[in-house]
Q: 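Pasting a structure here, questions to come.
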Amino acid sequence: MLYTKIYTAKNPEAAAKIAADQFEAAIKQKPACVIGLATGSSPLPLYRELIAREQRGEIDFSRVRSANLDEYKGLPADHPQSYRFFMQENLFDHISIRPENTIVPDGLASDVEAMCMAYERKIEDWGGVDIQLLGIGHDGHIGFNEPCDHFPLWTHEAALTEMTRNANKRFFDSLDEVPTAAFTMGIGTVMAARRIVMIITGADKAEILYRAFFGPVTPEIPASVLQLHPDVTLVCDEAAFSLAAQKTV
Ligand code: F6R
């Protein structure tokens with residue numbers, strides 16, 4: 001592990017405060033900064049913390065631009081399981097960010113290639129991502145970049161593995177309803193961010209945290225590529241760091 005800064009907090013709420021400090025600092029330094037956002041369980045305490053900080057007047061999202069990592073293929077924005085819907089419910093509807101300054105890949109895109117290229121171009125036009133939030137899947141995926149034999153570069157359509165569909169079925173009525181494909185930023189899109197903050201919490205993530213940050217860099221564990229990024233902050237709780245703590249003393 002070359003450059004990664006690691007913070008270990010007592011619990012997910014304490015980890016969220018550390019991650020929120022990073023976003024607060026980025027926004028204060030550059031009020032119109034571009035933030036990359038993720039969905040899933042890991043960012044929820046952070047989003048609650050960011051909402052509370054704006055309500056207390058500590059952060060101002062009114063000029064911030066945001067680009068989400070991914071979206072399920074086939075789900076419209078108003079579908080309760082779509083990532084656009086998730087972002088509205090858990091963050092955007094509660095902060096002053098302007099709707100036109102938030103982008104999420106279009107789950108209903110008919111011309112996939114054109115949508116993916118336009119997504120990359122929009123981020124480029126905004127001047128690139130200043131600070132990117134990431135979670136990690138149990139198989140090491142970031143966004144929907146699943147383990148494979150290469151690092152996919154840019155925004156693209158990805159097939160979901162059974163492991164990921166099973167992990168995400170908790171949000172749907174049944175496994176059959178979980179989409180089989182998604183649109184996701186590529187590893188190149190993620191690595192182009194100036195700074196990256198990854199949140200990993202829970203004992204169930206201890207093994208993948210260790211493999212991703214203390215093992216070899218390999219597309220079989222997509223998150224391991226973060227070891228090569230010059231500015232990654234890993235914010236985890238003690239449960240997630242437990243195996244790394246044992247192995248690295
Ligand atoms: C979601 C995303 C995914 C999740 C990952 C972990 O936008 O990009 O890669 O970060 O699946 O999900 P949770 O946090 O629910 O364990």
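In what follows, residues are counted from 1 in the order of the sequence shown. From a predicted model like this one, the values you see are computed outputs, not experimental measurements. Whatever order the structure lists them in is the order used to number ligands and atoms, beginning at 1. Both backbone and side-chain heavy atoms feed into the values below; hydrogens, waters and symmetry mates do not.
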Q: For ligand 1, which atoms sit closer than 4.0 Å to a heavy atom of Leu69?
A: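 In order of numbering, the contacting atoms are 8 (O).
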Q: Nearest non-hydrogen atom to atom 3 (C) of ligand 1 belongs to which of Ala38, Gly40, Gly135, Gly143?
A: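 Looking at heavy atoms only, Gly143 sits closest to atom 3 (C) of ligand 1.
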Q: At under 4.0 Å between heavy atoms, is it the side chain or the backbone of Met163 that contacts ligand 1, or both, or neither?
A: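 Near ligand 1, Met163 shows nothing, with every heavy atom at 4.0 Å or more.
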Q: How would you list, by chain and number, every residue that makes a salt bridge (charged side-chain N to carboxylate O under 4.0 Å, His left out) with Glu177, sequence neighbours excluded?
A: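 With neighbours one apart ignored, the set is empty.
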Q: With the threshold set at under 4.0 angstrom, would you say His138 reaches ligand 1 through any of its heavy atoms?
A: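 In this structure, His138 fails to qualify as a contact of ligand 1 - no heavy atom is under 4.0 Å.
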Q: Answer with yes or no whether Met185 contacts ligand 1, where contact means a heavy atom under 4.0 Å from a ligand atom.
A: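 For ligand 1, residue contact (heavy atoms, under 4.0 Å) with Met185 is absent.
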Q: Scan the side chains in residues 199-213 for donor-acceptor partners under 3.5 Å anywhere in the protein, sequence neighbours excluded, and list what turns up.
A:
| residue | atom | partner | partner atom | Å |
| --- | --- | --- | --- | --- |
| Asp204 | OD2 | His138 | NE2 | 2.7 |
| Lys205 | NZ | Ile136 | O | 2.9 |

Q: Decide yes or no on side-chain hydrogen bond (donor to acceptor under 3.5 Å, both in side chains) for Gln132 and Arg194, but give the supporting numbers first.
A: CA-CA 8 Å; Gln132 173 71 53; Arg194 293 180 187 90; over 6 Å; no
Q: Do His141 and Thr164 pass the side-chain hydrogen bond (donor to acceptor under 3.5 Å, both in side chains) test, and can you show the C-alpha distance, the side-chain angles, and the key distance before you say yes or no?
A: CA-CA 9 Å; His141 70 237; Thr164 296; 3.2 Å; yes
Q: Just let me know how Ile136 lines up against ligand 1, side chain, backbone, both or neither, with a heavy-atom cut-off below 4.0 Å.
A: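 Just the backbone.
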Q: Report the C-alpha distance between Thr155 and Glu120 in whole Å, list the side-chain angles of each, state the deciding distance to 0.1 Å, and finish with yes or no for side-chain hydrogen bond (donor to acceptor under 3.5 Å, both in side chains).
A: CA-CA 7 Å; Thr155 302; Glu120 290 288 335; 2.6 Å; yes
Q: Taking only heavy atoms of Asp70 into account, list the atoms of ligand 1 that are under 4.0 Å away from them.
A: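 Atoms satisfying the 4.0 Å criterion: 1 (C), 2 (C), 7 (O), 8 (O).
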